[in-house]
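Note sheet for the following structure.
Start at 1 and go down the list; that is how both ligands and their atoms are numbered.
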Amino acid sequence: MDAAQQRRHLSQIPGGQSFEQKLQRPLLAEDIQILQLNVGKACNLACKHCHVSAGPGRSEQMGREVFVTCLKILRRHAIGTIDVTGGAPEMNPHLPWFIAEAAKLKRRLMVRSNLAILHEEAFRHFIDLYADHQVEIITSLPHYHAQQTDRQRGSGVFAKVIDMMRVLNAKGYGRPGSNLLLHLVFNPVGAYLPGPQAALAHEYQQRLSQEHGVVFNQLFCLTNFPVGRYLEYLIRTENYEEYMSTLMAAFNWTAVQGVMCRTLLSVGWDGKLYDCDFNQMLELPVDHGAPSHIDIFEFDQLKSRQIVVANHCYACTAGAGSSCQGAIE
Ligand code: SF4
Ligand code: SF4
């Protein structure tokens, strides 16, 4: 399903009150504290919940020039966090160079890695690269049971992730008192909202340390977004209407204040600018007069831009809310 088809489908929601109508006023950014780079859509996995629809067949990759422009912007502006995502970011050949350059800026530098890729010989060098540059690692683990995780991410993925967590723990990642941070991301395996983050984090900590001897720092709970492969799954299983109704019924005004687009700017592989990674996958670039490409980046205009919203935004404001760093409340 291409982006235009997804947007068309998302315009049809139960009850008909769009996210824009629900808000009743424009949603405005308040700063740019995070520059998120989506460095490409190629991935060694093809997870069922993937909003990027990433996989081994995708070829879109961020080129060197876009990375260079991002570094120039980061040098000029006090943006505190550099958040690298994909696809599998490690499949972008410029990533080792970019990590080394970005680390010199002394910002919070994080990579969203599926970890299973580090199991492959050709990508193992990233383990030392990440540790040497104190890169914060965030990885998805939809369940502490192999069967559930593999159902969503593919056969054998759970075992690979646990293996890599062991290797990273041995390097100091996820250990108390260490400055090497390893976070996990939970998202529901089916069409329902995540439970309370703190309780789930405790459960994950207990189960993973007792059953597999691995540790991590934080667990982020993410709501599944009706975008990409997950939207296709909802439509195929005839769960779309019910899932959207669940998101809409759980709308939470408090979460609106904390939605990530208010402090984040997302850069696509080709340098286009988006309010978040979900808008990027729906091909909804920043608008309302703000510059929409990294080559014409203007901090002052972008930091207070009006955000482009659509009905998938209901996933950010449902229940405790959902951001790229977990629950909002
Ligand atoms: S969810 Fe992550 S690891 Fe899975 S296919 Fe998408 S980008 Fe790859
Ligand atoms: S989906 Fe993106 S644009 Fe919409 S509220 Fe969430 S972060 Fe903001």
Side-chain angles (χ1 to χ4, degrees), residues 6-7 10 18-20 22-23 26-30 34 36 38-58 60 83-92 111-119 123 138-142 149-154 157-158 160-161 164 185-187 222-233 247 251-253 255-266 269 273-282 284-288 305-318 321-325 328:
Q6 292 182 55
R7 291 197 303 269
L10 280 161
S18 71
F19 187 79
E20 201 168 4
K22 180 82 183 175
L23 288 189
L27 183 63
L28 301 177
E30 57 173 7
I34 303 172
Q36 187 173 64
N38 191 315
V39 302
K41 296 184 181 176
C43 190
N44 54 320
L45 305 181
C47 306
K48 281 190 186 147
H49 65 297
C50 185
H51 70 272
V52 182
S53 301
R58 302 297 298 257
E60 301 92 327
D83 182 348
V84 179
T85 187
E90 293 88 350
M91 290 176 83
N92 186 309
V111 172
R112 294 171 190 271
S113 170
N114 65 47
L115 289 195
I117 196 164
L118 305 185
H119 218 264
F123 296 95
I138 300 173
T139 198
S140 164
L141 194 67
T149 288
D150 287 359
R151 216 171 81 203
Q152 194 170 109
R153 313 201 75 198
V157 172
F158 180 84
K160 286 181 186 170
V161 172
M164 281 305 110
V185 170
F186 162 86
N187 58 285
L222 260 62
T223 301
N224 283 319
F225 273 72
V227 175
R229 210 173 279 134
Y230 191 69
L231 176 61
E232 288 172 18
Y233 158 81
L247 295 180
F251 181 83
N252 175 356
W253 280 108
V256 175
Q257 299 312 312
V259 288
M260 58 193 154
C261 48
R262 301 196 66 216
T263 52
L264 173 148
L265 186 68
S266 159
W269 64 274
L273 299 178
Y274 301 87
D275 294 300
C276 71
D277 206 47
F278 304 104
N279 283 15
Q280 187 175 143
M281 298 316 140
L282 292 169
L284 292 169
V286 299
D287 201 353
H288 307 293
R305 71 194 184 276
Q306 182 179 336
I307 291 156
V308 177
V309 296
N311 293 333
H312 64 293
C313 298
Y314 274 117
C316 273
T317 55
S322 184
S323 76
C324 51
Q325 294 188 53
I328 292 171

_Under 4.0 Å from a heavy atom of C261: which atoms of ligand 2 are those, numbered in the order shown and with their elements?_
3 (S), 5 (S), 7 (S), 8 (Fe)
*State whether F251 and K22 meet the cation-pi test: NZ (Lys) or CZ (Arg) under 6.0 Å from the six-membered ring centroid, and within 45° of the perpendicular axis.*
yes
*For ligand 2, is L264 a contact, meaning one of its heavy atoms is under 4.0 Å away?*
no
*Would you mind telling me if ligand 1 is within reach of the side chain of S140, the backbone, both or neither, using heavy atoms under 4.0 Å?*
neither
*For ligand 2, which atoms, with element, lie under 4.0 Å from some heavy atom of I307?*
3 (S)
*Atoms of ligand 2 less than 4.0 Å from C316 heavy atoms?*
1 (S), 5 (S), 6 (Fe), 7 (S)
*Counting only N and O atoms by type, is there a donor-acceptor contact under 3.5 Å from the side chain of R7 to the main-chain atoms of L282?*
yes
*Just wondering, is there an N, O or S atom on C276 that's nearer than 2.8 Å to atom 2 (Fe) of ligand 2?*
yes
*asked:* For V309, which part has a heavy atom under 4.0 Å from ligand 2: side chain, backbone, both, or neither?
replied: neither
*So which protein heavy atom does atom 6 (Fe) of ligand 1 come closest to, and at what separation?*
C50 SG, 2.3 Å
*Non-hydrogen atom of R153 closer than 4.0 Å to ligand 1*: yes
_Can you confirm whether L115 sits close enough to K160 that some side-chain heavy atom of one is under 4.5 Å from a side-chain heavy atom of the other?_
no
*Starting from atom 8 (Fe) of ligand 1, find the nearest protein heavy-atom neighbour and note its residue, name and distance.*
C43 SG, 2.3 Å
*Subset of ligand 2 atoms that lie under 4.0 Å from at least one heavy atom of V308*: 3 (S)
*Number the atoms of ligand 2 from 1 as they appear, then name those within less than 4.0 Å of a heavy atom of H312, with their elements.*
1 (S)
*Quick one: which of V309, V259, V286 gives a side-chain contact (heavy atoms from CB on, under 4.5 Å) with D275?*
V286
*Is there a donor-acceptor pair closer than 3.5 Å between any side-chain N or O of D150 and the backbone N or O of F158?*
yes
*Considering the heavy atoms of N114, write down every atom of ligand 1 situated less than 4.0 Å from one of them.*
3 (S)
*Give the intermediate values and the outcome of side chain to side chain contact (heavy atoms under 4.5 Å, CB included) for residues T139 and M164.*
CA-CA 11 Å; T139 198; M164 281 305 110; over 6 Å; no
*Could you tell me whether the side chain of E30 reaches within less than 4.5 Å of the side chain of Q257, counting heavy atoms only?*
no
*N279: heavy atom below 4.0 Å from ligand 2, yes or no?*
yes
_4.0 Å heavy-atom contact, A88 with ligand 1_ = no
*R153 side-chain N/O to L45 backbone N/O, donor-acceptor pair under 3.5 Å*: no
*Could you list the atoms of ligand 2 found under 4.0 angstrom from a heavy atom of C313?*
1 (S), 3 (S), 4 (Fe), 5 (S)
*asked:* If the cut-off is 4.0 Å to any non-hydrogen atom of G87, which atoms of ligand 1 fall inside it?
replied: 7 (S)
*V52 near ligand 1, heavy-atom distance under 4.0 Å?*
no
*Assign the ring pair F278 / H51 to parallel, tilted or perpendicular, where the plane angle (0 to 90°) is split at 30° and 60°.*
tilted
_With heavy-atom distances below 4.0 Å as the criterion, list the atoms of ligand 1 near C47._
1 (S), 3 (S), 4 (Fe), 5 (S)
*F19 side chain reached by T317 side chain, heavy atoms, under 4.5 Å*: yes
_Donor-acceptor pair, distance only, cut-off 3.5 Å: does the side chain of R151 make one with the backbone of K48?_
no
*Side-chain contact test, heavy atoms from C-beta onward, threshold under 4.5 Å: evaluate it for E90 versus N44 and give yes or no.*
no
